[in-house]
Undergrad: 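Starting off with a structure, shown below.
Worth saying up front: this structure is predicted, and the values here are computed from it rather than measured.
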Amino acid sequence: MTDEEDHALTSDETETPPPTLEQRLAGLKRLLAETERDREHLLRALVSLHVRTDRPTDAVPYLHRLLATTEEPEEQAAHLLTLGQLMEQGGDLPAAAELYTRGLALRAGAEGVRYLLHNNLGYCLNQHARFAEAEPLCRAAIALDPERYNAHKNLGVALEGQGRYAEAVECYVESSRRNPADPRALRHLETMLARHPEVATAVTDLPATLAACRALAGPGRWVQ
């Protein structure tokens, strides 16, 4: 056995464990307070770590500071979207709706950002029974990306809220087909049909269509 091997086996030294998320948060906060360099990077890291530690509301002040660091409309739209999502997660839908509205007013941002601003604002308005206002927002989201399923579901809610049940059926079915793993559109559809059974006779082949959606959703779906 060499001296090096002997030392490796007998040394009392241990490897330093990696820092915990809490320690990383503390370190980033200290750096932010002590330096003017890389502030945007530090703010982004703080936002990410707060979200990962299930404290999204603690990320809000840092996102506001991040928003203040840029005058680029595209970046502002993205930050406002994230702020709105954090408010939505915290249950403050009016605040989320205000942030999404500000983001849309910029008329900027990547397609995915604009999709979510329209869709998420439509969702918030639906939750407050402002269905007629939510409808054009959901339609705008679908126009931006018809392949994504959530705006189809939210459009269904907006149409159902206006008593346009046959149109709502089409939206719920479309959402269910695009993502069978998410049962929410199917839940809405089954609940609506339970409340308004007359709709079944107004939509062609609805029993077969509903059966197909149920089959796609699989055994884990919610059933009315």
Undergrad: Which pair of non-hydrogen atoms, one from Asp92 and one from Ala95, has the smallest distance, and what is that distance?
TA: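 Between these two residues, the closest heavy atoms are OD1-N, 3.2 Å.
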
Undergrad: Can you tell me how far the CG atom of Leu63 sits from the CE atom of Met87, to the nearest 0.5 Å?
TA: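 If we round to the nearest 0.5 Å, Leu63:CG and Met87:CE are 9.0 Å apart.
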
Undergrad: Please say yes or no: joined through hydrophobic side-chain contacts below 4.5 Å, possibly via intermediate residues, are Leu155 and Val173 part of one cluster?
TA: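 Different clusters.
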
Undergrad: Output all residues satisfying side-chain hydrogen bond (donor to acceptor under 3.5 Å, both in side chains) with Thr70, sequence neighbours left out; order by chain, then residue number.
TA: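 With neighbours one apart ignored, the set is Glu75.
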
Undergrad: Please determine whether side-chain contact (heavy atoms from CB on, under 4.5 Å) holds for the pair Glu98 and Thr101, giving the CA-CA distance in whole Å, both sets of side-chain angles, and the decisive distance to 0.1 Å.
TA: CA-CA 5 Å; Glu98 180 183 353; Thr101 300; 5.6 Å; no

Undergrad: Identify whether Leu137 and Val157 are in the same connected component of the hydrophobic contact network (ILVMFWY, side-chain heavy atoms under 4.5 Å).
TA: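 Each belongs to a different hydrophobic cluster.
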
Undergrad: Search all heavy atoms of Ala59 against all heavy atoms of Leu86 and return the closest pair with its distance.
TA: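 Reported closest heavy-atom pair: CB-CD1, 4.1 Å.
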
Undergrad: Quick one: CZ on Arg187 to OH on Tyr172, what's the gap to the nearest 0.5 Å?
TA: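 Going from the CZ atom of Arg187 to the OH atom of Tyr172 covers 13.0 Å.
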
Undergrad: If I take atom NZ from residue Lys153 and atom OG from residue Ser176, how far apart are they, to the nearest 0.5 angstrom?
TA: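 It is 11.0 Å, given to the nearest 0.5 Å.
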
Undergrad: Other than Tyr123, which residues form its hydrophobic cluster under the rule that side-chain heavy atoms must be closer than 4.5 Å?
TA: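 Traced through the cluster, Tyr123 reaches Leu93.
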
Undergrad: With ring pair (Phe, Tyr, Trp, His ring centres under 6.0 Å) as the rule and sequence neighbours excluded, what pairs involving residues 130-150 come up?
TA: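 Listed by first then second residue: nothing to list.
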
Undergrad: Please list all pairs passing the salt bridge (Lys or Arg N to Asp or Glu O under 4.0 Å) test where one or both residues lie in residues 121-137, with sequence neighbours left out.
TA: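 Output for this query lists Arg130-Glu133, Glu135-Arg139, Glu135-Arg164.
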
Undergrad: Scan the side chains in residues 195-206 for donor-acceptor partners under 3.5 Å anywhere in the protein, sequence neighbours excluded, and list what turns up.
TA:
unit_1, atom_1, unit_2, atom_2, d
His196, NE2, Tyr165, OH, 3.2
Thr201, OG1, Glu198, O, 2.8

Undergrad: Sequence neighbours left out, what passes salt bridge (charged side-chain N to carboxylate O under 4.0 Å, His left out) with Asp182? Give chain and number order.
TA: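 If we apply the salt bridge (charged side-chain N to carboxylate O under 4.0 Å, His left out) test to Asp182, skipping adjacent residues, the hits are Arg184.
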
Undergrad: Under 4.5 Å between side-chain heavy atoms, hopping through other hydrophobics if needed: is there a path connecting Leu104 to Leu106?
TA: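 No, no single cluster joins them.
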
Undergrad: Look up atom CG in Leu186 and atom CZ in Arg214, then write down how far apart they are to the nearest 0.5 Å.
TA: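 So the gap between those two atoms works out to 7.0 Å.
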
Undergrad: For Arg102, which residues count as a salt bridge (charged side-chain N to carboxylate O under 4.0 Å, His left out) partner, sequence neighbours excluded?
TA: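 Arg102 satisfies salt bridge (charged side-chain N to carboxylate O under 4.0 Å, His left out) with no residue once adjacent residues are dropped.
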
Undergrad: Hey, could you give me the OG1/CG distance between Thr82 and Leu80, rounded to the nearest 0.5 Å?
TA: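 One gets 9.0 Å once the value is rounded to the nearest 0.5 Å.
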
Undergrad: With sequence neighbours left out, what residues match Glu174 under side-chain hydrogen bond (donor to acceptor under 3.5 Å, both in side chains)?
TA: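 Only Arg178 meet the side-chain hydrogen bond (donor to acceptor under 3.5 Å, both in side chains) criterion with Glu174.
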
Undergrad: What pair of heavy atoms forms the shortest contact from Ala132 to Pro136, and how long is it?
TA: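 For Ala132 versus Pro136, the nearest heavy atoms are O-CD, 3.1 Å.
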
Undergrad: Rounded to the nearest 0.5 Å, how far does OG of Ser175 lie from CG of Asn150?
TA: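 Asn150 CG to Ser175 OG: 6.5 Å, rounded to 0.5 Å.
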
Undergrad: Below 4.5 Å, heavy atoms only, C-beta onward: do Thr209 and Arg177 meet side chain to side chain?
TA: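 Yes - at least one pair of side-chain heavy atoms lies under 4.5 Å apart.
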
Undergrad: State which residues pass side-chain hydrogen bond (donor to acceptor under 3.5 Å, both in side chains) with Asn126; sequence neighbours excluded, sorted by chain then number.
TA: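 If we apply the side-chain hydrogen bond (donor to acceptor under 3.5 Å, both in side chains) test to Asn126, skipping adjacent residues, there are no hits.
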
Undergrad: Without placing hydrogens or testing angles, list every side-chain donor-acceptor pair under 3.5 Å for residues 114-121, not counting sequence neighbours.
TA:
unit_1, atom_1, unit_2, atom_2, d
Arg114, NE, Gly109, O, 3.0
Tyr115, OH, Ala151, N, 3.2
His118, ND1, Arg114, O, 2.8
Asn119, OD1, Ala151, N, 3.4
Asn119, OD1, Asn154, ND2, 2.9
Asn120, ND2, Tyr100, OH, 3.3

Undergrad: Among all residues two or more places apart in sequence or in another chain, which pass the side-chain contact (heavy atoms from CB on, under 4.5 Å) test with Pro73?
TA: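 With sequence neighbours excluded, Pro73 shows a side-chain contact (heavy atoms from CB on, under 4.5 Å) to Ala108, given in chain and number order.
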
